[in-house]
Chemist: 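Pasting in a structure now, in structure tokens, and then I'll have a few things to ask.
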Amino acid sequence: AKVLYDDETGLPVCFDCTHSTQLPGAGEQTGGRPDRAPLLARAAVAAGVHAVFIECHPEPAKAMSDASTMLPLASVPGLLKQLAAIRAAG
């Protein structure tokens with residue numbers, strides 16, 4: 001699979017799929033759409049990123065920070081299998 005490298009540094013690219021779903025200005029705390037993170041992660045891997053950052057928690061609503069963008073920990077193994085399959089197909 002082709003890996004995407006930064007044009008300026010030549011370093012591999014890591015995509016942060018959970019913080020990419022932040023909705024700034026949604027009140028006192030930043031809002032988010034964590035339901036979109038898996039789609040963004042799959043697209044990033046298909047585009048050739050080297051790594052994906054996924055912030056997760058067993059109970060996102062109880063997280064001390066970034067609760068509005070976190071994925072439930074239980075959903076991560078399935079997502080990682082999907083990302084590995086996309087990488088293998090590339």
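Values reported hereafter were calculated over all heavy atoms of this structure, with side chains retained and with hydrogens, waters and symmetry mates removed.
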Chemist: Looking at CG of L39 and SG of C17, how far apart are the two atoms once the value is rounded to the nearest 0.5 Å?
Modeler: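 These two atoms lie 10.0 Å from each other.
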Chemist: For residues F15 and A41, report the shortest heavy-atom separation together with the two atoms involved.
Modeler: CE2-N, 4.4 Å
Chemist: Could you give the distance from OG (S20) to CG (L40), rounded to the nearest 0.5 Å?
Modeler: 6.0 Å
Chemist: Locate the shortest heavy-atom distance separating R87 from V45; write the atom from each residue and the value.
Modeler: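 Distance-wise, the nearest heavy atoms are N-CG1, 3.8 Å.
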Chemist: Please check if the number of heavy atoms outside H50 that lie under 6.0 Å from its NE2 is greater than 12.
Modeler: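 Count not over threshold, so no.
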Chemist: What's the spacing between R36 CZ and T18 OG1 if we round to 0.5 Å?
Modeler: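 Going from the CZ atom of R36 to the OG1 atom of T18 covers 14.5 Å.
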Chemist: Got a donor-acceptor contact below 3.5 angstrom from the S75 side chain to the L71 backbone?
Modeler: no
Chemist: Locate the shortest heavy-atom distance separating T69 from G32; write the atom from each residue and the value.
Modeler: CG2-CA, 4.0 Å
Chemist: Spell out, yes or no, whether L80 and I86 are grouped together once hydrophobic residues are joined by side-chain heavy atoms under 4.5 Å, including indirect joins.
Modeler: yes
Chemist: Grab the two heavy atoms, one from M70 and one from A63, that are nearest each other, plus how far apart they are.
Modeler: CE-CB, 3.5 Å
Chemist: Do you know the tightest heavy-atom contact between A67 and P60?
Modeler: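 Looking at all heavy atoms of both residues, the closest pair is CB-O, 3.0 Å.
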Chemist: Taking the side chain as every heavy atom from C-beta outward, state whether L73 and H57 have any pair of such atoms under 4.5 Å apart.
Modeler: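 Side chain of L73 against side chain of H57, heavy atoms only: no contact under 4.5 Å found.
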Chemist: I'd like to know if V76 and V52 are part of one continuous hydrophobic network [Ile/Leu/Val/Met/Phe/Trp/Tyr, side-chain heavy atoms within less than 4.5 Å].
Modeler: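 As far as the 4.5 Å side-chain criterion goes, V76 and V52 are connected within one cluster.
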Chemist: If the plane angle is over 60° it's perpendicular, under 30° parallel, otherwise tilted; pick one for F53 and H19.
Modeler: parallel
Chemist: Ignoring hydrogens and angles, state whether a donor on the side chain of S68 or D66 is under 3.5 Å from an acceptor on the partner side chain.
Modeler: no
Chemist: If you compare all heavy atoms of D6 against all heavy atoms of T9, which two are closest, and at what distance to 0.1 Å?
Modeler: OD1-N, 2.8 Å
Chemist: Counting heavy atoms not belonging to D35, are there more than 12 under 6.0 Å from its CG?
Modeler: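 Yes, CG of D35 has more than 12 neighbouring heavy atoms, counting only those of other groups under 6.0 Å.
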